[in-house]
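Quick notes on the structure that follows.
All figures in this text were calculated on a predicted structure; none of them were measured in a lab.
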Amino acid sequence: CKITDILTIEENSYRAISGIKIKNVKNGEEYELACDNLCLAIGHSARDTFKMLYEKGINMIQKPFAVGVRIEHKQDIINKSQYGKYSKYLPNADYKLTHTCTDGRGVYSFCMCPGGFVVNASSEENHLVINGMSNHKRNEENSNSAIVVQVSNKDFGNNIFDGMNFQRHLEEKAYSLGNGLIPVQLFSDYENNTISKEFKSVKPIFKGNYKFTNINDILIDL
């Protein structure tokens, strides 16, 4: 189901929540639910809900976030790096990396997935977003992690939805470059600004199809 509206009433000179409108996205049926308290845990991709809240006069502020790419490695290399000679006796390892650039901008690893997959996690038509996941056993051959860089209103503007539009612009570029598939590139080719032709020692593990591209064509200079 999808929340399409928040219902309010005037109460002691204040506007109070009285309910929500719900739409069943499968059959189109709409109905109302009464409530006087509402907690929204909508993540970062419910853009239609953001706009609906803004139109309702809900107080909103911009928030800095981070964007980047995912990198895959052989899981046994990570295990040996983290555990040394004990790696064969211990569960698949994770890691965390962080770096501060000379201009103060942060770069860090995020959502590291031991023994996992890279997945197509798009939430909007003709846009592309990727994420990572691990099954409970974390027993796939590769690990993967997001490597992201901080961005703020200095990069995307001061209007309330400028950050969201910045995200959408990158997602549209990623979708276009990969023709809807996950854009991939060897790290060495990413450094050299060339398109890869084949995989080498690391054979990526995807949930979704892929296409060799130059990921530099998606990202922007910060």
Side-chain angles (χ1 to χ4, degrees), residues 43-48 50 64-78 92 94-99 101 105-135 138 140-152 155-157 161-222:
H44 58 72
S45 298
R47 293 162 180 163
D48 53 348
F50 299 159
F65 54 96
V67 296
V69 298
R70 282 207 163 257
I71 187 165
E72 288 195 71
H73 336 265
K74 292 283 190 180
Q75 182 62 51
D76 62 348
I77 294 175
I78 303 302
N92 279 340
D94 62 6
Y95 64 79
K96 293 181 180 178
L97 299 174
T98 183
H99 173 74
C101 300
R105 193 187 297 270
V107 180
Y108 55 93
S109 62
F110 174 75
C111 187
M112 192 275 172
C113 302
F117 305 85
V118 170
V119 299
N120 187 330
S122 303
S123 59
E124 193 172 348
E125 190 174 0
N126 296 328
H127 292 65
L128 187 135
V129 181
I130 62 166
N131 207 335
M133 59 161 282
S134 299
N135 288 331
R138 296 182 167 186
E140 297 298 328
E141 185 177 0
N142 296 345
S143 65
N144 71 82
S145 178
I147 304 297
V148 296
V149 58
Q150 294 174 330
V151 293
S152 70
D155 304 301
F156 49 71
F161 291 126
D162 281 351
M164 184 180 76
N165 293 331
F166 178 84
Q167 287 178 316
R168 296 184 79 246
H169 177 64
L170 292 179
E171 292 171 16
E172 287 173 336
K173 289 173 68 176
Y175 183 91
S176 176
L177 193 65
N179 292 327
L181 306 181
I182 299 173
V184 297
Q185 187 175 27
L186 299 181
F187 181 72
S188 58
D189 292 325
Y190 172 73
E191 286 189 300
N192 294 320
N193 205 29
T194 58
I195 297 176
S196 306
K197 299 186 183 304
E198 60 182 359
F199 297 121
K200 295 185 179 178
S201 60
V202 178
K203 302 297 189 290
I205 303 175
F206 298 109
K207 293 285 189 180
N209 293 321
Y210 67 89
K211 179 182 178 181
F212 285 116
T213 64
N214 187 351
I215 294 175
N216 289 285
D217 292 339
I218 301 171
L219 304 175
I220 63 171
D221 292 330
L222 295 173

If only atom types and distance count, is the side chain of [X] paired as donor or acceptor with the main-chain N or O of [Y] below 3.5 Å?
| X | Y | answer |
| --- | --- | --- |
| E72 | I205 | yes |
| H127 | E125 | yes |
| S134 | P114 | yes |
| K203 | E141 | no |
| T98 | Y108 | no |
| K173 | I218 | yes |
| N144 | G132 | no |
| R138 | G115 | no |
| N120 | S122 | yes |

Closest approach of [X] and [Y], non-hydrogen atoms and distance?
| X | Y | value |
| --- | --- | --- |
| I130 | V118 | CD1-CG1, 4.2 Å |
| I182 | V119 | CD1-C, 4.4 Å |
| G43 | F50 | O-CZ, 3.6 Å |
| Q185 | I215 | OE1-N, 2.9 Å |
| S143 | I78 | OG-CG1, 3.6 Å |
| T213 | P183 | OG1-CB, 3.2 Å |

Is there a side-chain contact between [X] and [Y] in this structure, where contact means two heavy atoms from C-beta onward sitting under 4.5 Å apart?
| X | Y | value |
| --- | --- | --- |
| S145 | Y95 | yes |
| H73 | V202 | no |
| C113 | E140 | no |

- Message: Let's go through Y190 and I71 carefully: what are the C-alpha distance in whole Å and the side-chain angles of both, what is the deciding distance for side chain to side chain contact (heavy atoms under 4.5 Å, CB included) to 0.1 Å, and is it a yes or a no?
- Response: CA-CA 11 Å; Y190 172 73; I71 187 165; over 6 Å; no
Hey, what do you get for [atom1] ([X]) to [atom2] ([Y]), rounding to the nearest 0.5 Å?
| X | Y | atom1 | atom2 | answer |
| --- | --- | --- | --- | --- |
| L186 | I195 | CG | CD1 | 12.0 Å |
| L170 | F156 | CG | CZ | 11.5 Å |
| E124 | D48 | CD | CG | 8.5 Å |
| L177 | E172 | CG | CD | 13.5 Å |
| S109 | H99 | OG | NE2 | 13.0 Å |
| F212 | E198 | CZ | CD | 7.5 Å |

- Mind checking side chain to side chain donor-acceptor pair (under 3.5 Å) for D189 and listing every partner two or more places apart, or none if nothing turns up? T194, S196
- Verdict with reasoning, F166 to I220, per side chain to side chain contact (heavy atoms under 4.5 Å, CB included): CA-CA 11 Å; F166 178 84; I220 63 171; 3.5 Å; yes
- Message: How about NZ on K197, more than 12 heavy atoms from neighbouring residues, nucleotides or ligands closer than 6.0 Å, or not?
- Response: no
- Task: Show the numbers, then the answer: is there a side chain to side chain contact (heavy atoms under 4.5 Å, CB included) between F65 and Q167?
- Result: CA-CA 10 Å; F65 54 96; Q167 287 178 316; 3.6 Å; yes
- Go through V184 and K211 one step at a time and tell me if the side chain to side chain contact (heavy atoms under 4.5 Å, CB included) criterion holds. CA-CA 6 Å; V184 297; K211 179 182 178 181; over 6 Å; no
- Message: Do the side chains of R47 and E171 get close enough for a salt bridge, i.e. N-O under 4.0 angstrom?
- Response: yes
- Query: How are the rings of F199 and F206 set relative to one another: parallel (under 30°), tilted (30 to 60°) or perpendicular (over 60°)?
  - Reply: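 Tilted.
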